[in-house]
Amino acid sequence: HAADAHRTDLMTITRYVLNEQSKHPESRGDFTILLNHIVLGCKFVCSAVNKAGLAKLIGLAGETNVQGEEQKKLDVLSNEVFIKALVSSGRTCILVSEEDEEATFVEPSRRGKYCVVFDPLDGSSNIDCGVSIGTIFGIYMIKDGVEPKLEDVLQPGKNMLAAGYCMYGSSCMFVLSTGSGVNGFTLDPSLGEFILTHPDIKIPKKGKIYSVNEGNAKNWDGPTAKYVEKCKFPIDGSPAKSLRYVGSMVADVHRTLLYGGIFLYPADKKSPNGKLRVLYEVFPMSFLMEQAGGQAFTGKQRALDLVPKKIHERSPIFLGSHDDVEEIKALYAAEE
Ligand code: AHG
Ligand code: MN
Ligand code: MN
Ligand code: MN
């Protein structure tokens, strides 16, 4: 009874990672321990996000809470949760978070060999209206095992060992790649476990959806403007694409990964490097897209080849179905 076996043979994220680890006999489970702590952080944020609305309703949000503490925004709260979880894993040495101006260097007694870059709460402008938000992370190995330094997190995205996101939406989904494909896990709240529900995700080669903030159209450069025009008024008689834009990168990328299509946050006159941050938004999502058979392009180069100089550096990004990104690359190449 394959169906029964499927039902009782629960492939949890921990079992999946342990299976992966068994392919690397040299690893001593450090990565598994690190991932477990990231997963713990996501479970906490998931429950906090789900309660945030209620807290707002019963007035605990906004001002001070019952202990007189200043009410923490979910950005700050989730940031604290991830920093603490990652430090307590004993497997990290440098942490970069969207919410911290400086990188965190873990004190020697708690130090491990991994560097984690993360966006603790992505799409936070969508919290109060209940639209999906998420957490994004990427994992590097420290370059040489001596004193950790900032250069260890200023590596191109192609050096990442793993990347993923957790989306807090109608269900809580954890999407992960450790360099051999992309797998999706759904939180079973009754078990408190992420169960493998989307094995080996592959993005459709071409899609029917484009995802961009059309409100920035007046500031786009030529190739971006031309591409979006083609989506709306195809010249080869093919049907126009649909526009879907949530405004949370995690939600827009998750839909693109599953349905196909393209997500764009282009450069514009106001922000020549676009808005999205290289280390903890562009790189992890680009890593996942390539692992799922898609592409990720900055307008100038393959996104994962970018070498960031600063930890909060931004870059334009075009990512999604292979053929759709190919069209943008051709338009930028023609511009050169
Ligand atoms: P964050 O909430 O972590 O700061 O990220 C918000 C980002 C990203 O989630 C989304 O794709 C983008 O902001 C939307 O920006 P616009 O509102 O300018 O379209
Ligand atoms: Mn973000
Ligand atoms: Mn954020
Ligand atoms: Mn933010």
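Just follow the structure's listing: the first ligand is 1, and inside any ligand the first atom is 1.
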With a cut-off of 4.0 Å, which atoms of ligand 1 are near a heavy atom of [X]?
X: Met249; value: 8 (C), 9 (O), 10 (C), 11 (O)
X: Tyr245; value: 14 (C), 15 (O), 16 (P), 19 (O)
X: Glu98; value: 3 (O), 4 (O)
X: Asp119; value: 3 (O)
X: Asn213; value: 16 (P), 18 (O), 19 (O)
X: Ser124; value: 2 (O)
X: Glu281; value: 3 (O), 5 (O)

Starting from [atom], what is the nearest protein heavy atom, named by residue and atom, and what distance separates them?
atom: atom 10 (C) of ligand 1; result: Gly247 O, 3.2 Å
atom: atom 18 (O) of ligand 1; result: Tyr265 OH, 2.7 Å
atom: atom 15 (O) of ligand 1; result: Lys275 NZ, 3.0 Å

N/O separation below 3.5 Å, [X] to ligand 1:
X: Arg277; result: yes
X: Leu276; result: no
X: Gly123; result: yes
X: Asn216; result: no

message: For the Mn ion (ligand 4), give me the closest N/O/S atom belonging to Glu98, just the atom name.
response: OE2
- request: Determine which of the N, O or S atoms in Asp122 is closest to the Mn ion (ligand 2) and give its atom name.
  value: OD1
message: Checking one value in my table: which N/O/S atom of Asp119 lies closest to the Mn ion (ligand 2)?
response: OD2
Option passing side-chain contact (heavy atoms from CB on, under 4.5 Å) with Thr135 (candidates Tyr280, Phe174, Phe82): Phe82
task: Can you measure from OG (Ser321) to OH (Tyr259) and round to the nearest 0.5 angstrom?
output: 13.5 Å
Could you check whether [X] pairs with [Y] (Lys NZ or Arg NE/NH1/NH2 to Asp/Glu carboxylate O, under 4.0 Å)?
X: Asp144; Y: Lys149; value: yes
X: Glu326; Y: Lys329; value: yes
X: Lys300; Y: Glu335; value: no
X: Glu327; Y: Lys230; value: yes

message: Looking at Leu196, is its backbone amide N or carbonyl O close enough to the side chain of Tyr16 to form a donor-acceptor pair, meaning the two atoms are under 3.5 Å apart?
response: no
Which bit of [X] gets closer than 4.0 Å to ligand 1, counting heavy atoms only: side chain, backbone, both or neither?
X: Ser248; answer: backbone
X: Glu99; answer: neither
X: Asp122; answer: both
X: Leu121; answer: backbone

Verify whether one side chain among [X] and [Y] offers a donor that lies under 3.5 Å from an acceptor in the other.
X: Ser271; Y: Arg314; result: no
X: Ser315; Y: Tyr265; result: no
X: Glu99; Y: Ser97; result: no

Shortest non-hydrogen contact between Val246 and Asn126, atoms and distance: O-ND2, 3.5 Å
- request: Determine the minimum heavy-atom distance between Ala103 and Val96, stating which atoms define it.
  value: CB-CG2, 4.0 Å
- request: Determine, stepwise, if the pair Tyr210 / Tyr227 fulfils ring-ring contact (aromatic ring centres under 6.0 Å, His included).
  value: CA-CA 10 Å; Tyr210 76 104; Tyr227 179 74; 7.7 Å; no
- prompt: Does any N, O or S atom of Asp75, backbone or side chain, fall under 2.8 Å from the Mn ion (ligand 4)?
  reply: no
- prompt: Taking both backbone and side chain into account, is any N, O or S atom of Glu281 nearer than 2.8 Å to the Mn ion (ligand 2)?
  reply: yes
- request: Report the C-alpha distance between Asp324 and Lys206 in whole Å, list the side-chain angles of each, state the deciding distance to 0.1 Å, and finish with yes or no for salt bridge (charged side-chain N to carboxylate O under 4.0 Å, His left out).
  value: CA-CA 6 Å; Asp324 294 328; Lys206 192 159 177 43; 2.9 Å; yes
